[in-house]
Amino acid sequence: MAVGTDPHDRPLEWVLENKRACLLLHSTVSQVGEPAQLGWVVGDGDVSEGAIVQLLMSAKDRKCRRFRRFDHCAYFIYIVRPPH
């Protein structure tokens, strides 16, 4: 779950991506004051000692972005083990 605010009270767009593969995992839009829920279904291709996921956030319908495609981001690194 992710929460953010926009100074102009616009809805927020959220994108969860596999950073190394540039693969979209999930995207959603949250309304003002509402949390966004994103999910990642881990598969065999995600098994790694350093699976990097990036969460991108931007104000919906904004023409200019702080970093071209998004306004803010966070990175998460996971160790993903194969199933037993």
Side-chain angles (χ1 to χ4, degrees):
M1 198 168 316
V3 178
T5 59
D6 176 71
H8 300 285
D9 288 331
R10 292 176 286 213
L12 297 176
E13 293 179 299
W14 301 87
V15 174
L16 188 65
E17 295 179 336
N18 176 318
K19 182 161 173 51
R20 290 194 179 156
C22 295
L23 179 66
L24 174 67
L25 302 172
H26 195 121
S27 66
T28 191
V29 174
S30 65
Q31 297 306 311
V32 177
E34 295 293 320
Q37 186 155 344
L38 296 121
W40 172 25
V41 178
V42 177
D44 290 340
D46 297 311
V47 173
S48 172
E49 288 294 313
I52 302 172
V53 176
Q54 64 183 8
L55 178 61
L56 309 176
M57 183 270 294
S58 57
K60 186 166 175 50
D61 299 328
R62 183 175 172 183
K63 291 182 182 178
C64 299
R65 309 262 188 231
R66 187 173 182 190
F67 301 104
R68 282 199 191 156
R69 317 182 21 217
F70 57 89
D71 292 316
H72 192 70
C73 67
Y75 298 97
F76 303 92
I77 302 172
Y78 296 97
I79 297 173
V80 179
R81 303 276 188 223
H84 295 293

Mind checking salt bridge (Lys or Arg N to Asp or Glu O under 4.0 Å) for Arg69 and listing every partner two or more places apart, or none if nothing turns up? Glu17
Search all heavy atoms of Thr5 against all heavy atoms of Leu12 and return the closest pair with its distance. N-CD1, 3.7 Å
Going hydrophobic residue to hydrophobic residue with side-chain gaps under 4.5 angstrom, can you get from Leu25 over to Leu55? yes
Given the rule that I, L, V, M, F, W and Y join up when any side-chain heavy atoms are under 4.5 Å apart, are Leu56 and Ile52 in one cluster? no
Can Val53 be reached from Leu38 by stepping across I, L, V, M, F, W or Y side chains whose heavy atoms are under 4.5 Å apart? yes
Could you pull out all residues at least two apart from Arg10 that satisfy side chain to side chain donor-acceptor pair (under 3.5 Å)? Asp6
Compare every heavy atom of Ala59 with every heavy atom of Arg65, then report the nearest pair and how far apart it is. NH1-O, 2.7 Å
How far does CH2 of Trp14 sit from CD of Gln37, to the nearest 0.5 angstrom? 12.5 Å
To check you understand the geometry: which heavy-atom pair defines the closest contact between Ile77 and Gly50, and what is its length? CG2-CA, 4.0 Å
Applying a strict under-4.5 Å side-chain criterion to I, L, V, M, F, W and Y, I'd like to know whether Tyr75 and Val15 cluster together. no
Heavy-atom closest pair (Ala36 atom, Ser30 atom, distance to 0.1 Å) is CB-CB, 3.9 Å
Is it possible for you to say whether Met57 and Val29 belong to one hydrophobic cluster, with membership spreading through side-chain heavy-atom contacts below 4.5 Å? no
Check step by step if ring pair (Phe, Tyr, Trp, His ring centres under 6.0 Å) holds for Phe76 and Trp40. CA-CA 12 Å; Phe76 303 92; Trp40 172 25; over 10 Å; no
Which atoms form the tightest heavy-atom contact between Phe70 and Ser58, and what is the distance? CA-CB, 4.0 Å
Got a sec, which residues hit salt bridge (Lys or Arg N to Asp or Glu O under 4.0 Å) with Arg62, two or more places apart in sequence or on another chain? Asp71
Under a 4.5 Å cut-off applied to non-hydrogen side-chain atoms, are Pro11 and Gln31 in contact? yes
